[in-house]
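Here's the structure, in C-alpha cells; my notes come after.
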Amino acid sequence: MKSMKKVCALAAAVMAAFSLFASEMPLAEARAKIGEAVANSQVMAQTMKSLSADNQKAFLSEVNAAISKMPGSTESKTATFLTVNRTALQNAAKGNMKTLLAEVFATVPVEALTVLNESFAKDLFNRKLSGNDKLSDAQFEKIARDVVQAVGERATGLKDADVRMAFTALMFIRSSNGEPANLTDNLVSVMPEKSREVAKSDWLPAALGQNQDKTYDPLLGGADAGREPDVQVVMNIAGSIVLDALLAELVEGVEMIDPTKEVEMPLLDADGTIPVLTEPHGYRDTSTGLSIRK
C-alpha cells in the first residue's frame, strides 16, 4: 500500500512538472510578440507571465533593444521604456526581480534612466508604500546593495556601467526617504573604486539637487549619453500609473523582522499576483498614431 502511494505521489509530481513546462511559452514564440508587447501593456504582462525566469530576462533585453531602434522623440521612447519595463517588473517570476531590475538598468538608454529611476522610486520601491513599509533599514540597505551590485555585474564591459550603477543607487536613495541615513555612502562603496569619488561628490548630489539646482548633466556627461527627456512630456505620454509596492517582493520573511539579528535574505518575487496596468494602451507619438495629450 505504501509502495502504491509513493508511485502515485511520484506520478503526480511528474505530471505537475510536465504541466508547468507545457504552460511556458518558448522564447521564439515570445519574440514574435515583441511588437505587440511594446504597443500594449497587457500583451507585455501576459507574455512575461508565460515565460520562464531565464527567458523573461532574454525577452526584456530584446524588447528594450527593439524600443531603442524605434523612430520617435526621446520623450515618446522614454515613455515606452517606462511603461514596458514597469510592466515587466510587475510580472516577474518568483525570485527573478533582482535579475530583471539589473536588465532594466543595463539595457535602457542612460538618458531614459533619468525618468525611470524617479518613477520607480516613487511608484514601485518607495519605503512608505504598503508592503514596503515592513522592511527594516538593514533589509532595505541589503536589497539596495545587492541590486546595485547586480547591475554592475550585468553591465560589465559597457563604457557607461558605472553611471548605470549610479542611477540604480539613485533609485534606492530616492525611495529610502532618508533612512538609513548612511545609505548613499554604503551604495557608493559597492561601485568600482575609480568612480566612487565622482559619484559621491558630483553625480549623486547633482541628480538629487543637494545644495544646488537639480541636474543630471554630470551623469549624462559621464556616459556620453543623449539628450535628457522632458519629464513632464514623458509622463503625459505614459499616462497615469497605478502604484504597486514591489520592494517587499525582493525580500523573504518581511513579516518577521528582528532588527537585532544579522539579515540574510534570499531574493524573492511575486509569490502572488501583482496587478498589471488596468487598461491596454498604446504609446502616444509612436507608430500607434496617438498624439500627446495637451
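As the structure is a prediction and not an experimental result, all values here were calculated from the model.
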Any side-chain heavy-atom pair of [X] and [Y] under 4.5 Å:
| X | Y | value |
| --- | --- | --- |
| Ile67 | Val38 | yes |
| Pro192 | Met165 | yes |
| Arg227 | Glu75 | yes |
| Leu100 | Met48 | yes |
| Thr87 | Gln90 | yes |
| Ser76 | Met70 | no |
| Glu193 | Arg196 | yes |
| Val163 | Leu113 | no |

To the nearest 0.5 Å, how far apart are [atom1] in [X] and [atom2] in [Y]?
| X | Y | atom1 | atom2 | value |
| --- | --- | --- | --- | --- |
| Thr80 | Met44 | OG1 | CE | 12.0 Å |
| Lys69 | Lys77 | NZ | NZ | 11.0 Å |
| Asn55 | Ser50 | CG | OG | 11.5 Å |
| Phe125 | Asn117 | CZ | CG | 12.0 Å |
| Asn96 | Gln56 | CG | CD | 5.0 Å |
| Ser175 | Asp123 | OG | CG | 11.5 Å |

Which atoms form the tightest heavy-atom contact between [X] and [Y], and what is the distance?
| X | Y | answer |
| --- | --- | --- |
| Ser119 | Leu82 | OG-CD1, 3.4 Å |
| Leu219 | Ala166 | CD2-CB, 3.7 Å |
| Pro218 | Trp203 | O-NE1, 3.5 Å |
| Ala79 | Ile237 | CB-CG2, 3.5 Å |
| Ala66 | Ile34 | CB-CG2, 3.8 Å |
| Ala150 | Lys98 | CB-CG, 3.9 Å |

Pair Lys33-Met25, side chain to side chain contact (heavy atoms under 4.5 Å, CB included): steps then yes or no | CA-CA 11 Å; Lys33 295 178 174 288; Met25 180 185 295; 3.7 Å; yes
Donor-acceptor pair, [X] side chain versus [Y] backbone, under 3.5 Å?
| X | Y | answer |
| --- | --- | --- |
| Arg145 | Asn186 | yes |
| Asn40 | Ala37 | no |
| Asp146 | Ala144 | no |

Applying a strict under-4.5 Å side-chain criterion to I, L, V, M, F, W and Y, I'd like to know whether [X] and [Y] cluster together.
| X | Y | result |
| --- | --- | --- |
| Val110 | Leu158 | no |
| Met235 | Leu89 | yes |
| Leu27 | Leu60 | yes |

Residues forming a side-chain contact (heavy atoms from CB on, under 4.5 Å) with [X], sequence neighbours excluded:
| X | answer |
| --- | --- |
| Glu197 | Ser201 |
| Pro109 | Ser68, Phe81, Glu111 |
| Asn177 | Asn126, Arg127, Lys128 |
| Asp185 | Lys200 |

### Message
Can you confirm whether Asp54 is buried at CG, in the sense that more than 12 heavy atoms of other residues, nucleotides or ligands lie under 6.0 Å from that atom?
### Response
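Atom CG in Asp54 is not crowded, with 12 or fewer foreign heavy atoms closer than 6.0 Å.
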Output all residues satisfying ring pair (Phe, Tyr, Trp, His ring centres under 6.0 Å) with Phe167, sequence neighbours left out; order by chain, then residue number.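 Per chain and number, Phe167 pairs via ring pair (Phe, Tyr, Trp, His ring centres under 6.0 Å) with Tyr216.
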### Task
Give the intermediate values and the outcome of side chain to side chain contact (heavy atoms under 4.5 Å, CB included) for residues Phe105 and Val147.
CA-CA 10 Å; Phe105 280 89; Val147 175; 5.9 Å; no
Using side chain to side chain donor-acceptor pair (under 3.5 Å) as the criterion, list what pairs up with [X], not counting sequence neighbours.
| X | value |
| --- | --- |
| Gln232 | Asn236 |
| Ser195 | Asp162 |
| Lys57 | none |
| Asn182 | none |

Go through the steps to decide whether Leu170 and Leu204 satisfy the test side chain to side chain contact (heavy atoms under 4.5 Å, CB included), and finish with yes or no. CA-CA 7 Å; Leu170 272 174; Leu204 299 181; 3.6 Å; yes
Here the salt bridge (charged side-chain N to carboxylate O under 4.0 Å, His left out) pairs for residues 151-160, sequence neighbours left out, are Glu103-Arg154, Asp160-Arg164
Across all chains, not counting sequence neighbours, the salt bridge (charged side-chain N to carboxylate O under 4.0 Å, His left out) partners of Arg31 are Glu62
Practice task
Identify, with sequence neighbours excluded, every residue that meets salt bridge (charged side-chain N to carboxylate O under 4.0 Å, His left out) alongside Glu118.
Solution key: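 By the salt bridge (charged side-chain N to carboxylate O under 4.0 Å, His left out) rule, Glu118 matches Arg174, Lys214.
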